[in-house]
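Scroll down for the structure; my scribbles are underneath it.
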Amino acid sequence: MSDDTPDVIAELDDLAVHFPTPAGTVRAVDGVTLAVHRGETLGLVGESGSGKSTAGLALLRLVDPSAGRVRVAGADVTRWSRRRLRATRRHVAMVFQDPQASLDPRRTVGDSIAEPLVVHRLATSRTARRERVAELLDLVGLRADTAGRHPHELSGGQRQRVGVARALAGEPDLIVLDEPIASLDLSVQAQIMNLLRHLQRDLGLTYLFIAHDLAAVEHMSDRIAVMYLGRIVETGPPERIYRRPAHP
Ligand SMILES: Nc1ncnc2c1ncn2[C@@H]1O[C@H](COP(=O)(O)OP(=O)(O)OP(=O)(O)O)[C@@H](O)[C@H]1O
Ligand SMILES: [Mg+2]
């Protein structure tokens with residue numbers, strides 16, 4: 001590998017994800033090739049229904065590919081079993097658009113954040129888990145006593161901080177951010193963006209940042225990929241995509 005060959009953390013290779021429905025097959029992702037390079041923020045933009053979330057879920061193997069390959073940390077995980085994937089999941093984590101929906105309302109914040117620690121056997125004693133949860137809460141700017149709260153007791157911004165803490169728990173290299181600020185108030189959006197930027201710098205994270213429009217990810221992204229009808233139609237540095245948009 002030469003010095004200018006990017007270190008690829010995760011990639012989709014001619015990936016297709018088709019969903020059978022009563023009305024026919026939905027080709028949510030229809031031949032996507034995408035490589036996420038270590039240390040970068042790759043923006044993935046496209047109109048609603050273009051397949052962005054499905055592509056992100058495929059990187060975590062949370063949906064099953066119909067064709068093509070998924071590679072994570074050099075391993076072809078396309079056909080790995082759930083059990084085997086548990087080890088891989090540590091490399092890639094996801095933050096969802098709606099923290100309200102992605103957090104279990106009946107569990108405390110501490111239990112939700114600790115779940116990946118249990119699954120990946122990162123903290124085996126109760127004490128170790130409690131300490132790690134407190135550390136993770138601190139990382140995302142929340143007080144340690146937030147661990148005892150339930151999601152409905154928190155503001156939208158606090159809930160999304162919990163979503164980020166949960167994603168960080170598995171010590172991932174890559175985080176898929178699926179419209180992580182879209183459900184938040186404008187003032188809170190800026191705070192969460194700042195948090196994500198700081199975490200990236202301090203922890204050396206790589207992001208795949210999914211958004212509806214270019215403006216949302218332009219400043220944050222090193223490269224942008226544009227999706228349209230299940231395909232990537234354009235990839236390049238934000239300046240180039242912004243000035244010469246090839247698609248709506
Ligand atoms: N589990 C599923 N079963 C059937 N169809 C699905 C499923 N998940 C997604 N789809 C369909 O696949 C297409 C792509 O959906 P996806 O959620 O990936 O798009 P998106 O780009 O993330 O959209 P948005 O910007 O609205 O979040 C849509 O037509 C959607 O309705
Ligand atoms: Mg989506």
Side-chain angles (χ1 to χ4, degrees), residues 10-36 41-72 77-79 82 85 89 92-103 156 159-160 163-164 166-167 172 174-186 188-189 192-193 196 206-221 223-236 238 241-242 245-248:
E11 59 189 317
L12 303 176
D13 182 8
D14 204 14
L15 189 89
V17 181
H18 296 170
F19 296 109
T21 73
T25 301
V26 176
R27 297 168 177 269
V29 173
D30 207 18
V32 162
T33 298
L34 186 73
V36 190
T41 295
L42 175 59
L44 182 60
V45 303
E47 63 183 44
S48 185
S50 56
K52 307 180 298 294
S53 293
T54 306
L57 291 167
L59 271 181
L60 283 87
R61 279 283 323 274
L62 290 174
V63 290
D64 287 324
S66 313
R69 317 220 142 266
V70 182
R71 276 189 214 88
V72 174
V77 304
T78 317
R79 308 262 167 254
R82 293 280 151 225
L85 277 165
R89 285 267 172 82
V92 191
M94 192 148 175
V95 172
F96 299 90
Q97 171 172 347
D98 184 359
Q100 175 96 43
S102 57
L103 293 171
R159 273 197 292 269
Q160 194 54 298
V164 173
R166 191 177 140 89
L174 166 64
I175 302 185
V176 176
L177 302 162
D178 191 356
E179 312 211 33
I181 59 168
S183 70
L184 304 172
D185 292 342
L186 270 182
V188 182
Q189 290 190 351
I192 298 294
M193 286 298 279
L196 291 170
T206 304
Y207 290 151
L208 178 66
F209 201 124
I210 297 175
H212 264 81
D213 62 306
L214 200 54
V217 287
E218 209 198 331
H219 298 295
M220 172 108 180
S221 301
R223 291 190 301 143
I224 303 248
V226 182
M227 258 189 106
Y228 184 70
L229 297 177
R231 294 170 186 271
I232 305 280
V233 291
E234 201 177 353
T235 309
I241 300 227
Y242 194 59
H247 268 266

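As the structure lists them, so they are numbered: ligands from 1, and atoms in each ligand from 1.
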Exercise. Taking Y207 for the side chain and M220 for the main chain, is one N or O donor matched with an acceptor at less than 3.5 Å?
Worked result: no
Seminar exercise, completed: heavy-atom search around atom 29 (O) of ligand 1 in the protein gives V26 CG1, 3.9 Å
Problem set entry | ligand 1-proximal atoms of H212, by part, heavy-atom distance under 4.0 Å | side chain
Exercise. Does some non-hydrogen atom of the protein lie less than 4.0 angstrom from atom 7 (C) of ligand 1?
Worked result: yes
For this session: Examine ligand 1 and decide if any of its atoms is less than 4.0 Å from a heavy atom belonging to G49.
Result: yes
Exercise. Are any N, O or S atoms from S53 nearer to the Mg ion (ligand 2) than 2.8 Å?
Worked result: yes
Problem set entry | Minimal non-hydrogen separation, L12 against V70, with atom names | CD2-CG2, 4.0 Å
Seminar exercise, completed: heavy-atom search around atom 12 (O) of ligand 1 in the protein gives A28 CB, 3.2 Å
Exercise. How close does the nearest protein non-hydrogen atom get to atom 18 (O) of ligand 1, and which residue and atom is it?
Worked result: T54 OG1, 2.5 Å
For this session: Flag S53 as yes when one of its N or O atoms lies below 3.5 Å from any N or O atom of ligand 1, and as no otherwise.
Result: yes
Seminar exercise, completed: protein heavy-atom neighbour closest to atom 21 (O) of ligand 1 works out as K52 NZ, 2.8 Å
For this session: Say whether D178 and S53, considering side chains only, have a donor N or O and an acceptor N or O under 3.5 Å apart.
Result: yes
For this session: Looking only at protein heavy atoms, identify the closest one to atom 9 (C) of ligand 1 and say how far it is in Å.
Result: F19 CE1, 3.6 Å
For this session: Name the closest protein heavy atom to atom 26 (O) of ligand 1, giving the residue it belongs to and the distance to 0.1 Å.
Result: S48 OG, 2.5 Å
Exercise. Okay, side chain of E179, backbone of F209: is any donor-acceptor separation there less than 3.5 Å?
Worked result: no
For this session: Please confirm whether E47 comes under 4.0 Å of ligand 1, counting heavy atoms of the residue only.
Result: yes
Exercise. Does E179 approach ligand 1 within less than 4.0 angstrom via side chain, backbone, both or neither, non-hydrogen atoms only?
Worked result: side chain
Exercise. Looking only at distance, does G51 have an N or O less than 3.5 Å from an N or O of ligand 1?
Worked result: yes
Problem set entry | Side-chain donor/acceptor of S183 to backbone N/O of Q97, under 3.5 Å | yes
Exercise. How many angstroms lie between atom CG of L34 and atom CD1 of I232, to the nearest 0.5 angstrom?
Worked result: 5.0 Å
For this session: State whether the side chain of Q160 and the backbone N or O of P180 hold a donor-acceptor pair below 3.5 Å, judged by distance alone.
Result: yes
Exercise. Near S50, which atoms of ligand 1 are under 4.0 Å from a heavy atom of that residue?
Worked result: 19 (O), 21 (O)
Problem set entry | Non-hydrogen atoms of L15 and V29 that approach each other most closely | O-CG1, 3.3 Å
Problem set entry | Exercise: identify the closest heavy-atom pair between V77 and R61 | O-NH1, 2.8 Å
Exercise. Should D213 and K52 count as an ion pair when the cut-off is N to O under 4.0 Å?
Worked result: no
